[in-house]
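Please read all numbers here as calculations on a predicted model, not as lab measurements.
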Amino acid sequence: MAGQISQRFIDDLLARTDIVDVISERVQLKKSGRNHSGLCPFHQENSPSFTVSQDKQFYHCFGCSAHGNALRFLMEFDNLRFPEAVEQLASRAGMQVEREGGEDPGARQRQQKREEGVNLLELAARFFRERLALGGGRQAREYLERRGLSQEVIRDFGIGYAEDEWESLKRYLLEQGIGEAVQVEYGLLVHREETGRTYDRFRDRVMFPIRDWKGRTIAFGGRVLGDAKPKYLNSPETPVFHKGRELYGLFEARQANRQLARVLVVEGYMDVVALAQFGIRNACATLGTALTADHLQRLFRLVDEVVFCFDGDNAGRQAARRSLQTALPSMIDGRQVRFLFLPEGEDPDTLVRQEGQAAFENRITCASPLSEFLFEQAAEGRDLKQVEGRERFVTAVLEMLKHLPEGVLKSLLVKELSTRSGIEQSQFADWFASHAVPAPRQGATADADGYEALMMTADGDVEAASDPGAAVDNGNNRASRRGLPATRAGTATLSLTIPARILHLLLHDPGLVDGLPESLDWCPAEVPDGRLCREVVQLLRAGRYRSPQVLLAHFHGSPDGERLDQLVRRELAIPRDVRASELDNWVRHLERESARLTPVEEYQQLLEKSRRPGALSSDEKQRLRELIGKLAEGS
């Protein structure tokens with residue numbers, strides 16, 4: 001595969017897909033007139049507000065405003081990136097993904113390299129499984145038997161064994177035609193720079209393959225059998241593995257429970273596997289890192305309730321406090337987080353063996369809710385009988401609550417704080433106003449304006465034209481004239497920068513990209529929205545996309561995606577018949593302003609361009625030398 005997924009293929013794929021079939025595989029839908037309805041999978045509700053239109057092939061929730069087509073649904077529900085959602089939908093339809101364009105000559109090589117890396121790791125996983133079954137794996141099999149693991153659980157989790165040899169896996173992979181450099185890159189070999197020697201990273205360890213959402217092996221974790229250190233060893237970061245995003249056992253949990261309602265997050269592989277052995281198949285584990293926002297985002301796309309399990313000692317409490325801080329910005333209404341603390345000296349593996357499935361599941365059910373743990377942490381070490389102690393308690397709670405999204409949960413916690421402290425809620429409102437932090441955008445709760453903007457037709461736009469001058473103040477401020485914000489000069493503007501206006505127009509009418517100059521020199525990357533504008537233009541050209549939803553999906557979950565989502569929600573007040581001329585006016589305006597660069601600005605622009613091999617023409621090189629001399633004389 002090479003280049004971007006073609007717009008023609010996406011249109012064909014969506015035309016062959018019935019969104020009702022896709023969603024009904026994951027959400028129970030009922031026929032309601034011409035549409036289908038059900039409980040929204042993106043927020044908790046008691047009465048259906050989630051509607052799927054078979055005629056228009058889109059879904060919309062009137063409760064949380066989640067909306068989109070079949071691709072967007074898969075991205076949100078299954079926590080997929082855009083290309084992965086296309087692949088899954090294409091596989092379902094029995095289609096081969098088609099890609100276009102030679103805009104990125106390295107795309108084929110990068111994709112091929114990624115596929116080769118995954119295939120390499122699958123080969124290694126098979127090798128480890130085979131070694132577990134052979135004579136050399138006897139000690140590992142005995143260890144697993146002592147831990148009470150059945151053959152079914154060992155099979156489901158793909159557990160294997162790395163022999164106590166320095167080059168066992170290395171030799172095997174070399175025989176398969178896989179070079180040492182690739183094995184090093186994907187974390188299977190260690191390379192000693194001082195000697196140049198390479199050897200197996202995992203030796204004499206029980207091996208736990210770490211799988212992605214498709215069930216493909218992307219990394220390994222190994223538990224040592226002897227006295228070597230560390231006790232647990234993970235693969236390093238590789239092109240296909242990022243510790244802060246992946247969760248061990250999540251794929252297996254989804255395989256065992258097609259309708260997961262709750263996920264238990266524990267600390268180690270053996271905790272996950274031991275719980276599975278006792279019938280608790282909804283556990284996963286972080287991979288040697290603290291909980292991240294990416295972890296939470298992935299979990300909340302699958303379930304509404306997450307339970308964190310910690311040891312009851314000080315280290316466990318500290319880890320719980322960090323997880324609380326990480327979770328707060330994600331706590332939109334309908335989501336639940338609980339904290340389960342085990343008796344000191346126990347972990348899930350040992351405890352579930354002592355008391356069995358029912359007793360352990362009862363602990364999970366009775367775990368402390370986020371609200372209780374939050375107030376408990378704020379009160380810890382403070383004498384609430386004294387005024388000073390209560391003041392510190394209230395401030396600590398407010399510092400945490402300011403990170404919560406606005407909603408019922410935050411309102412109830414503020415009310416509870418008022419009850420516990422005796423302070424009027426109105427005073428808390430003043431505190432929040434003076435200590436506000438930017439609220440993170442929740443991907444599944446885009447407002448209705450964004451939905452309307454995506455769905456409306458060009459003919460429905462308001463008939464009004466825009467003036468490039470309006471976006472750049474009155475022309476007296478140089479920063480504003482070039483699309484820069486005017487705040488440093490004391491001039492505020494509520495208008496968009498020129499690159500933002502171009503983005504706004506392209507989001508609503510992507511076909512206009514065909515009228516832009518071939519070179520992107522007209523769009524300065526250093527101004528606000530300039531870099532993003534250049535990327536969007538390149539993407540539109542490479543993929544020939546003509547759908548704003550497809551374009552937004554490419555940037556989904558990133559700061560750039562948030563910026564584009566803000567722009568697409570703005571109403572486009574430009575009639576269709578003048579859009580091309582407006583776009584041309586804005587491009588010419590940027591070109592004129594680029595021509596008015598000061599010597600310093602021109603030098604910086606040329607210097608930045610010179611960092612790309614072969615980017616400067618002979619005239620530009622000469623001009624750069626002149627500017628260097630001129631600026632040197634001036635200094």
Side-chain angles (χ1 to χ4, degrees), residues 264-267 286 289-293 295-296 299-300 304-348 351 362-440 442:
L264 176 68
V265 181
V266 294
E267 292 189 62
T286 55
T289 67
L291 183 79
T292 68
H295 288 145
L296 272 176
L299 290 171
F300 278 132
D304 289 328
E305 182 180 356
V306 177
V307 180
F308 299 119
C309 181
F310 298 101
D311 295 341
D313 56 15
N314 288 335
R317 291 272 171 181
Q318 290 176 1
R321 284 191 284 270
R322 291 193 296 269
S323 296
L324 172 64
Q325 292 292 340
T326 303
L328 288 172
S330 300
M331 295 305 297
I332 61 174
D333 291 341
R335 293 177 175 177
Q336 296 183 66
V337 162
R338 294 178 179 272
F339 295 84
L340 170 61
F341 294 98
L342 304 182
E344 285 199 44
E346 301 287 356
D347 57 35
L351 196 58
N362 186 55
R363 287 181 181 272
I364 297 173
T365 303
C366 298
S368 300
L370 178 145
S371 56
E372 180 181 317
F373 183 59
L374 185 151
F375 283 114
E376 176 189 315
Q377 289 305 302
E380 186 175 354
R382 297 185 171 101
D383 184 356
L384 302 187
K385 296 179 181 180
Q386 295 183 357
V387 172
E388 293 82 358
R390 290 200 300 276
E391 179 273 326
R392 293 188 182 94
F393 166 74
V394 170
T395 300
V397 173
L398 291 175
E399 284 290 346
M400 287 187 276
L401 293 187
K402 76 178 183 181
H403 295 286
L404 274 177
E406 295 299 326
V408 176
L409 176 62
K410 185 172 183 177
S411 298
L412 289 173
L413 289 174
V414 170
K415 183 178 180 181
E416 177 66 19
L417 178 60
S418 176
T419 301
R420 294 193 183 203
S421 66
I423 301 175
E424 293 293 330
Q425 290 188 52
S426 59
Q427 297 189 40
F428 298 148
D430 294 338
W431 189 95
F432 283 127
S434 61
H435 295 77
V437 294
Q442 299 297 332

Evaluate F373 against V337 for side chain to side chain contact (heavy atoms under 4.5 Å, CB included), listing each step before the verdict. CA-CA 10 Å; F373 183 59; V337 162; over 6 Å; no
So CD of E391 and CG of L384: to nearest 0.5 Å the spacing works out to 12.0 Å
Roughly how far, to the nearest 0.5 Å, is the CG atom of L417 from the CG atom of L374? 9.5 Å
Could you list the donor-acceptor pairs under 3.5 angstrom formed by side chains in residues 320-328, with sequence neighbours left out?
from : atom 1 : to   : atom 2 : distance (Å)
R321 : NH1    : Q377 : OE1    : 2.8
S323 : OG     : A319 : O      : 3.1
T326 : OG1    : R322 : O      : 3.0

Check this for me: N314, atom CG, are more than 12 non-hydrogen atoms of other residues, nucleotides or ligands nearer than 6.0 Å? no
Identify the heavy atoms of F308 and L296 that sit nearest to each other, and give their distance. CZ-CD2, 3.9 Å
Indicate yes or no: at least one non-hydrogen side-chain atom of F339 is less than 4.5 angstrom from one of R317. no
Working to the nearest 0.5 Å, report the span between CG of L398 and CZ of F428. 5.5 Å
Determine the minimum heavy-atom distance between R382 and A396, stating which atoms define it. NH1-CB, 3.9 Å
Excluding sequence neighbours, so at least two apart, what forms salt bridge (Lys or Arg N to Asp or Glu O under 4.0 Å) with R392? none
Between the main-chain N or O of T292 and the side-chain N or O of H295, is there a donor-acceptor pair closer than 3.5 Å? yes
To the closest 0.5 Å, what do you measure between CZ (F341) and SG (C309)? 9.5 Å
CG of L264 to CD1 of I364: how many Å apart, nearest 0.5 Å? 4.5 Å
If we only count heavy atoms from C-beta on, is the E267 to D311 side-chain gap below 4.5 Å? yes
In this structure, CG of D304 is separated from CG of D333 (nearest 0.5 Å) by 11.5 Å
Do you know which two heavy atoms are closest between V307 and A367, and how far apart they sit? CG1-CB, 4.1 Å
I need the minimum non-hydrogen distance between R363 and P343, along with the two atoms involved. NH1-CD, 3.9 Å
Answer yes or no: is there a side-chain heavy-atom contact under 4.5 Å between M331 and F300? yes
Do the non-hydrogen side-chain atoms of F432 and V414 ever get within less than 4.5 Å of each other? yes
